[in-house]
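Atom set for the values below is all heavy atoms of this structure, side chains included, hydrogens, waters and symmetry mates excluded. All residue numbers refer to positions in the sequence shown, counting from 1.
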Amino acid sequence: MKDPVRIGALVAAPILLALFVYFLFIDSPARYTAVGFMIAFAVLATRLRDLKNLNFGTTGIKAELEQKLAEAQATVTQLQRIAELFGKISVEQISMSNRMLGLSSEKKREFISNIDKELRAIGIPDERVKDAISSQRAFDTYDYYWWVSQAVPANPSQSELEAFTNFRQEFPHVDIGSTPSLSEVSAYLARYGITQGEGIERLKDWKHYEETGQHRRVKLWDARHDL
């Protein structure tokens with residue numbers, strides 16, 4: 001047994017895979033932990049060639065690396081990149097989750113906030129964390145556009161009725177990632193002389209979100225699908 005480390009790796013890999021398949025089959029939340037272990041193990045396994053000595057003793061496992069600092073940093077960077085990738089995928093899946101009847105806006109914010117905190121906790125720079133969770137902003141911007149476009153007053157004037165009725169004609173190709181800008185929507189309403197009312201308040205909400213990333217009237221925002 002000339003290479004016990006590699007033999008151990010070969011034994012551990014199928015065990016982790018079997019655990020993942022088992023957890024997936026029984027629909028256990030532990031399947032995500034299993035995935036994390038599998039990925040971390042795969043990354044660490046790429047460093048096995050760099051191990052010169054592996055000693056088992058009272059102080060635990062001691063590994064001497066030929067290029068200690070460089071290789072250690074390379075491993076950390078790989079694990080961070082994997083965390084970023086899973087963060088991006090998770091944020092997008094949470095944002096897309098059954099848009100009308102799935103997770104509430106409050107729950108989505110909570111989950112995404114947790115992803116944000118965990119990515120920062122493992123040392124990923126702010127700009128990369130922002131990029132990892134950026135897909136949520138595209139979904140929120142899309143929702144703000146539609147929320148503004150549906151703010152028809154209870155007793156609309158002729159100009160208000162025309163403005164809110166003609167939104168689709170004015171902006172015919174709206175989609176997530178290709179939403180009209182706040183300034184375009186504001187200018188459109190101004191053409192019809194709309195300078196006050198719920199539509200304008202929702203524009204202010206949208207502007208506040210663009211500037212701060214926070215919802216100005218969060219309770220009303222969370223209940224927007226019920227209005």
Could you report the tightest heavy-atom contact between [X] and [Y], atom names first, then the distance?
{"X": "I200", "Y": "I194", "result": "CD1-O, 3.5 Å"}
{"X": "S181", "Y": "S183", "result": "OG-OG, 3.0 Å"}
{"X": "A151", "Y": "F164", "result": "O-CZ, 3.4 Å"}
{"X": "Y145", "Y": "P180", "result": "CE1-CG, 3.8 Å"}
{"X": "A138", "Y": "G177", "result": "CB-N, 4.5 Å"}

If the test is ring-ring contact (aromatic ring centres under 6.0 Å, His included), which one of Y142, W206, W221 qualifies with W147? W221

Backbone N/O of [Y] and side chain of [X]: donor-acceptor pair under 3.5 Å:
{"X": "Y188", "Y": "F171", "result": "no"}
{"X": "T165", "Y": "L161", "result": "yes"}
{"X": "S134", "Y": "D131", "result": "yes"}

R120/D116 salt bridge by N-O under 4.0 Å criterion: yes

Using a strict threshold of under 4.0 Å (side-chain N to carboxylate O), is an ion pair present between D222 and R109?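 Yes.
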
Can a cation-pi geometry be assigned to R137 and Y209, taking NZ or CZ under 6.0 Å from the six-membered ring centre and within 45° of the ring axis? yes

Transitively linked via ILVMFWY side-chain contacts under 4.5 Å: V148 with W146?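 Linked within one cluster.
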
Begin from the C-alpha positions of E162 and Y192 and carry the test side-chain contact (heavy atoms from CB on, under 4.5 Å) through to its verdict. CA-CA 8 Å; E162 289 180 7; Y192 286 87; 3.8 Å; yes

Nearest 0.5 Å, please: how far is [atom2] in [Y] from [atom1] in [X]?
{"X": "R128", "Y": "I133", "atom1": "CZ", "atom2": "CD1", "answer": "14.0 Å"}
{"X": "L189", "Y": "T195", "atom1": "CG", "atom2": "OG1", "answer": "10.0 Å"}
{"X": "R191", "Y": "N166", "atom1": "CZ", "atom2": "CG", "answer": "9.5 Å"}
{"X": "D140", "Y": "E210", "atom1": "CG", "atom2": "CD", "answer": "10.0 Å"}
{"X": "I176", "Y": "S135", "atom1": "CD1", "atom2": "OG", "answer": "10.0 Å"}

Near [X] [atom1], under 6.0 Å, is it more than 12 heavy atoms from other residues, nucleotides or ligands?
{"X": "N155", "atom1": "CG", "answer": "no"}
{"X": "Q196", "atom1": "CD", "answer": "no"}
{"X": "E106", "atom1": "CD", "answer": "no"}

Can you list the steps and then say if S149 with R168 is a side chain to side chain donor-acceptor pair (under 3.5 Å)? CA-CA 9 Å; S149 73; R168 290 180 184 273; over 6 Å; no

In this structure, which one of E201, H208, E211 forms a side-chain hydrogen bond (donor to acceptor under 3.5 Å, both in side chains) with R216? E201

Applying salt bridge (charged side-chain N to carboxylate O under 4.0 Å, His left out) between E198 and each of R224, R217, K204, report the one that passes. R217

So V185 and F167, side-chain contact (heavy atoms from CB on, under 4.5 Å) or not? Walk me through it. CA-CA 9 Å; V185 176; F167 253 96; 4.0 Å; yes

